[in-house]
There are 2 protein chains.
Amino acid sequence: MTDLLNHFAQYIKVSDYLKEELTKRIAFKSFAKGEVLHSADRICTKSYFIQKGLLRLYFLKDGKEISEYFSCEGDWTNSPRSFIQRKIDLYYIDAIEQTDVYIVEVQDLMFLFNNFPEMERYARLSMGSTFGYLIERITSMRFTTAKEKYQHFCEVYKGIHHRIPLGMVASYLGITQETLSRIRAEK
Amino acid sequence: MTDLLNHFAQYIKVSDYLKEELTKRIAFKSFAKGEVLHSADRICTKSYFIQKGLLRLYFLKDGKEISEYFSCEGDWTNSPRSFIQRKIDLYYIDAIEQTDVYIVEVQDLMFLFNNFPEMERYARLSMGSTFGYLIERITSMRFTTAKEKYQHFCEVYKGIHHRIPLGMVASYLGITQETLSRIRAEK
DNA sequence: CTTAACTTTTGACCTAAATCAAAAAATCAC
DNA sequence: GTGATTTTTTGATTTAGGTCAAAAGTTAAG
């Protein structure tokens, strides 16, 4: 729980009362490598904070798994539109490695938003930083060669890019496995 | 001011006191076609809510203007990372058409966040809907032909896509003007 | 260990879209 | 309205990266 409380403390002051409510409402769970945390046939009602490990958000296109993005230690993840709008969406979440997470249910999160204005602030601030990442990625997708896309990926996922299998990286970048393999070979 | 208050009312209850503070802190201004609202050499301290017209966020790459996205009636716009992190960023904002906007300064927005928890909530909710748009766009950038990218653009900017010059659309999609012109011609 | 099932690499060939170039059309300024 | 500038279209050529196919490595299970 300490990791998660420290994470909140980076954005807001965590009072004893808030700490107590957080502890009461947040569960802990472990997933084995390859396990599916969330499936596209259900509404995503949980948000996962990664204590250790690596998760992947992906969807199926013509039967193939296309990786949307990866999340590691210190990140929150969920199926965004499903979680926010409470509807079915096309994303799956699975574990690339053995992964330990803290889990919060959407109704508990709503309770926290309703009773702790500082949690609204936390959500606003942490969303803000994700924004920059998404905009940069859109730029990187448009005006760069496959090689530059891969370099950008290595920067963004510095420290964890080697933990992600090549095929998943290729679909994340929107290039083929073969092309990515050739890029890696040449340097 | 009515348009803007109605916009807030879609997400939160706007009390008389909040209405009063909003009115006090929000300015109105008109820009001619082609006028630059924000330039990359300064920190973006203003956020613009479009009452009428069409704005564009863009940056320069090798001396060419690359459009990041477009905003119209009912949208907020600013230079996101500059506004959020209070630092210089590479984006410009200009008016594609004659445009009328409401303007809020970052310090006034902070005052509102500090004094009206419902404004934090408004920010969280309205950001949430932009999220879905960005993720969908990333997907659209990766796995589609130039023609599909253009079709996706027309859907997302339904109703306003014809108001945006071809060259700007091409740079938004990350394809050349020539290719876009050919796509338009064929149907 | 050994076999089976993935994952990654290598090779040959092809296609969508980029580049270069110039004409046609639209918009703007006086 | 007329000439000048900007935007869009059309044409010829090139190229990065895709597709298809098969071999080589790697990982997992019994």
Side-chain angles (χ1 to χ4, degrees), chain A residues 31-36 53-54 56 58 60-67 70 92 94-99 139-154 160-187, chain B residues 31-36 53-54 56 58 60-67 70 92 94-99 139-154 160-187:
Chain A
F31 291 92
K33 178 176 178 174
E35 237 185 299
V36 175
L54 194 50
R56 168 177 70 135
Y58 69 99
L60 297 177
K61 187 186 161 80
D62 311 325
K64 291 187 168 190
E65 298 178 354
I66 309 291
S67 301
F70 311 99
Y92 295 78
D94 73 359
I96 296 179
E97 306 172 347
Q98 194 293 114
T99 300
T139 303
S140 152
M141 298 302 310
R142 283 184 301 179
F143 295 102
T144 54
T145 60
K147 187 176 180 175
E148 289 170 311
K149 288 189 184 98
Y150 178 63
Q151 287 168 339
H152 181 257
F153 161 80
C154 290
I160 63 161
H161 72 265
H162 58 278
R163 288 157 64 184
I164 305 167
L166 176 137
M168 291 183 189
V169 175
S171 71
Y172 170 87
L173 295 174
I175 63 178
T176 59
Q177 301 198 118
E178 295 92 323
T179 298
L180 182 52
S181 174
R182 282 181 244 266
I183 287 166
R184 277 192 177 169
E186 81 188 38
K187 54 167 193 181
Chain B
F31 292 91
K33 178 176 179 172
E35 237 184 297
V36 174
L54 194 50
R56 167 176 72 133
Y58 68 99
L60 298 177
K61 186 187 161 82
D62 310 324
K64 291 187 168 192
E65 298 177 355
I66 309 290
S67 300
F70 311 99
Y92 296 79
D94 73 357
I96 296 179
E97 306 171 349
Q98 194 292 115
T99 299
T139 302
S140 152
M141 298 301 310
R142 283 184 302 177
F143 294 101
T144 53
T145 59
K147 187 176 180 177
E148 289 170 311
K149 288 190 184 97
Y150 178 63
Q151 287 167 341
H152 181 256
F153 161 80
C154 289
I160 65 162
H161 72 264
H162 58 278
R163 287 157 65 184
I164 305 166
L166 178 137
M168 292 184 188
V169 176
S171 71
Y172 169 87
L173 295 175
I175 62 179
T176 59
Q177 302 200 115
E178 294 92 323
T179 298
L180 182 53
S181 175
R182 282 181 245 267
I183 287 167
R184 276 193 177 169
E186 80 189 39
K187 56 170 191 180

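Reminder, nothing fancy here: chain letters follow the sequence lines and each chain counts from 1. Small disclaimer: the values here were computed from a predicted structure and weren't measured.
OP1 or OP2 of dT9(D) lies within a sub-4.0 Å distance of a side-chain N or O belonging to Ser181(B). Here Lys33(A) reaches the OP1 or OP2 of dA28(D): one of its side-chain N or O atoms lies under 4.0 Å away. Taking only side-chain nitrogens and oxygens, Thr176(B) comes nearer than 4.0 Å to OP1 or OP2 of dA18(C). Between dG18(D) and Thr179(A), a contact under 4.0 Å exists linking OP1 or OP2 to a side-chain N or O.
Remark: the Tyr172(A) side chain and the Arg142(B) side chain contain no N/O donor-acceptor pair separated by less than 3.5 Å.
What separates CD of Gln177(A) from C1' of dT9(C) is a distance of 10 Å, to the nearest Å. Atom CZ in Arg142(B) sits roughly 17 Å away from atom P in dG17(D) (whole-Å rounding). Counting to the nearest Å, the P atom of dA26(C) and the CG atom of Leu166(B) are 13 Å from each other. When the P atom of dT7(D) is taken as reference, atom NZ of Lys64(B) falls 12 Å away, rounded to whole Å. Computed from coordinates, the Ile183(A) CD1 to dG17(D) P distance equals 7 Å when rounded to whole Å. The NZ atom of Lys149(A) sits 8 Å away from the P atom of dG18(D) (whole-angstrom rounding). For Glu65(A) and dC6(C), the CD to C1' distance is 12 Å, given to the nearest whole Å. In this structure, the CZ atom of Arg184(B) is 17 Å from the C1' atom of dA17(C), given to the nearest Å.
Glu65(A) and Ser171(A) make their closest contact through O-OG, 3.7 Å (heavy atoms, listed as atom of the first residue, atom of the second, distance).
Listed nucleotides: dA17(C), dG17(D), dT10(C). Nearest to the side chain of Ala146(A): dG17(D). Checking dT10(D), dT8(D), dT10(C) against every side-chain atom of Ala185(A), the shortest atom distance belongs to dT10(C).
Comparing Glu178(A) and Leu180(B) against DNA chain C, the residue whose closest nucleotide sits nearer the 5' end is Glu178(A).
The shortest side-chain heavy-atom distance between Ile164(A) and Phe153(A) falls under the 4.5 Å cut-off.
Side-chain N/O atoms of Arg182(B) and base N/O atoms of dG11(D) include a donor-acceptor pair closer than 3.5 Å.
Distance alone, capped at 3.5 Å, places no donor-acceptor pair between the Arg56(B) side chain and the Ala95(B) backbone.
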